[in-house]
Engineer: 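Structure below; questions to follow.
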Amino acid sequence: MKRRSKKLPLTFFKQPADIVARELIGKILVHDLGTEKLRCRIVETEAYMGPDDLASHSSKGVTNRTKIMFGPPGRAYVYFIYGMHEMFNIIVGEAGKAHAVLLRAGEPLDGWHANLTGPGRLAKAMRIDRSHNGKEIIRGPLHFADDGFRPNQIIATPRIGIDYAKHWVERPLRFIDPASKHVSGKRYKPPAV
DNA sequence: GCATCGATGGTG
DNA sequence: ACCATCGATGCA
């Protein structure tokens, strides 16, 4: 049976990035394309804590690329990297603080067969690209929902691929559902039983 | 299973 | 000259 789900309100996204990143684990990302509705369970996120965070693009200040990060929460920040991948973030926190949450992995729902393990694959499978950059993603076809599911456990680890970020490298700002088989990376192994 | 490498283009 | 990645390749 399918649980009833509710859209997450804007107030949810006004919290700091580390809070939102943790709370998004177990929630649902929805992209309504009209002909079909793509849904996945979020199992991995990362928090980027604003200009002081040396891993965050916002640490470069306001540029053409990062200006969206300094705007109001609830909008998408989608950027292109390594010549082939689009990364999907949501701007959170107070406007101007440039907090953001990167969506790193999800589990396909509704019998959908897709690989959403890793940020590039998640964005591609969910059909999110640079055309969504700056778009409001609370009430529109792209939004987040809560169906009442709660992971048994949520674990924080260091973030992936930010070795240049000095003392921010080891900060536990990556959040995962360790029970999911769709988490990316190799930094966390569940303890052997 | 794990390590290494190259694709490929936006960015400052 | 990098880079919030991924898939292929080599070797075990």
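Each chain gets a letter, A, B and so on, in the order its sequence line appears, and its residues count up from 1. Keep in mind the model is a prediction, meaning the values are calculated, not measured.
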Engineer: So, the side chain of His85(A) versus the backbone of Gly120(A): is there a donor-acceptor pair under 3.5 Å, distance only?
Structural biologist: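 Side chain of His85(A) to backbone of Gly120(A), a donor-acceptor pair under 3.5 Å: no, none is there.
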Engineer: Of all residues at least two apart in sequence or in a different chain, which pass the ring pair (Phe, Tyr, Trp, His ring centres under 6.0 Å) check with Phe144(A)?
Structural biologist: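 For Phe144(A), the residues satisfying ring pair (Phe, Tyr, Trp, His ring centres under 6.0 Å) (neighbours in sequence not counted) are Phe13(A).
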Engineer: Output the pairing pattern of DNA chain B as a dot-bracket string, 5' first, Watson-Crick or G-U wobble with both distances under 3.5 Å, | for cross-strand pairs, [ ] for crossing pairs.
Structural biologist: |||||||.|||.
Engineer: Round to a whole Å and report the spacing from CE of Met49(A) to C1' of dA4(C).
Structural biologist: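 The distance from CE of Met49(A) to C1' of dA4(C) comes to 15 Å, rounded to the nearest Å.
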Engineer: For a quick test of reading the model, state the closest non-hydrogen atom pair linking Asn133(A) to Ala76(A) and the distance between them.
Structural biologist: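 Closest approach of Asn133(A) to Ala76(A), heavy atoms only: OD1-O, 3.5 Å.
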Engineer: Given side-chain hydrogen bond (donor to acceptor under 3.5 Å, both in side chains), test Thr45(A) with Arg104(A) step by step and report yes or no.
Structural biologist: CA-CA 5 Å; Thr45(A) 61; Arg104(A) 288 193 56 91; over 6 Å; no
Engineer: Could you list by number each residue of residues 84-103 of chain A showing a heavy-atom separation from DNA chain C of less than 4.0 Å, or answer none if no residue does?
Structural biologist: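 The stretch gives His85(A), Met87(A), Asn89(A), Leu102(A) as the residues lying under 4.0 Å from the strand, ordered by number.
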Engineer: In whole Å, I'd like the distance from the CZ atom of Arg65(A) to the P atom of dG9(B).
Structural biologist: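 So the CZ-P distance, Arg65(A) to dG9(B), works out to 16 Å.
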Engineer: Under 4.0 Å, counting only non-hydrogen atoms across every strand here, what does Phe80(A) touch: a base, just sugar-phosphate, or nothing?
Structural biologist: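 If one applies the 4.0 Å heavy-atom cut-off, Phe80(A) turns out to touch the sugar-phosphate alone, with no base involved.
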Engineer: Whole Å only: how far is the NE2 atom of His57(A) from the C1' atom of dA4(C)?
Structural biologist: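 After rounding, the reported distance stands at 5 Å.
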Engineer: Starting at CD1 of Ile162(A) and ending at P of dT5(C), how long is that distance when rounded to a whole Å?
Structural biologist: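 The distance from CD1 of Ile162(A) to P of dT5(C) comes to 10 Å, rounded to the nearest Å.
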Engineer: Any side-chain N or O of Arg104(A) less than 4.0 Å from the OP1 or OP2 oxygen of dT5(C)?
Structural biologist: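 Looking at the OP1 and OP2 atoms of dT5(C), one of them is under 4.0 Å from a side-chain N or O of Arg104(A).
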Engineer: For Ser59(A) and Ser56(A), does a side-chain donor sit closer than 3.5 Å to a side-chain acceptor?
Structural biologist: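 Ser59(A) vs Ser56(A): no donor-acceptor pair found between side chains.
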Engineer: In whole Å, what is the span from the OH atom of Tyr79(A) to the C1' atom of dT8(B)?
Structural biologist: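 Rounded to whole Å, this separation is 16 Å.
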Engineer: Between the side chain of Glu46(A) and the main-chain N/O of Val101(A), is any donor-acceptor distance below 3.5 Å?
Structural biologist: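 Pair absent, no side-chain N/O of Glu46(A) close to backbone of Val101(A).
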Engineer: Between atom CG in Asn133(A) and atom P in dT11(B), what is the gap in whole Å?
Structural biologist: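 Interatomic distance, CG of Asn133(A) to P of dT11(B): 9 Å.
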Engineer: Rounded to the nearest Å, what distance is computed from the NZ atom of residue Lys60(A) to the P atom of nucleotide dC2(C)?
Structural biologist: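 After rounding, the gap between these two atoms is 11 Å.
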Engineer: Can Arg65(A) be said to sit on top of Tyr77(A)'s aromatic six-ring, NZ or CZ under 6.0 Å from centre and within 45° of the ring axis?
Structural biologist: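 Here Arg65(A) fails the 6.0 Å and 45° test against Tyr77(A).
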Engineer: Taking the six-membered ring of Tyr79(A) (Phe, Tyr or Trp), confirm whether the NZ or CZ of Arg130(A) is under 6.0 Å from its centre and within 45° of its axis.
Structural biologist: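 That pair does not qualify as a cation-pi contact.
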Engineer: Determine whether a donor-acceptor pair (N or O, by modelled atom type, separation under 3.5 Å) exists between the side chain of Trp168(A) and the backbone of Asp52(A).
Structural biologist: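 Side chain of Trp168(A) to backbone of Asp52(A), a donor-acceptor pair under 3.5 Å: yes, one is there.
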Engineer: Measure the distance from CZ on Arg130(A) to P on dT8(B) and round it to the nearest whole Å.
Structural biologist: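 It works out to 15 Å between those atoms.
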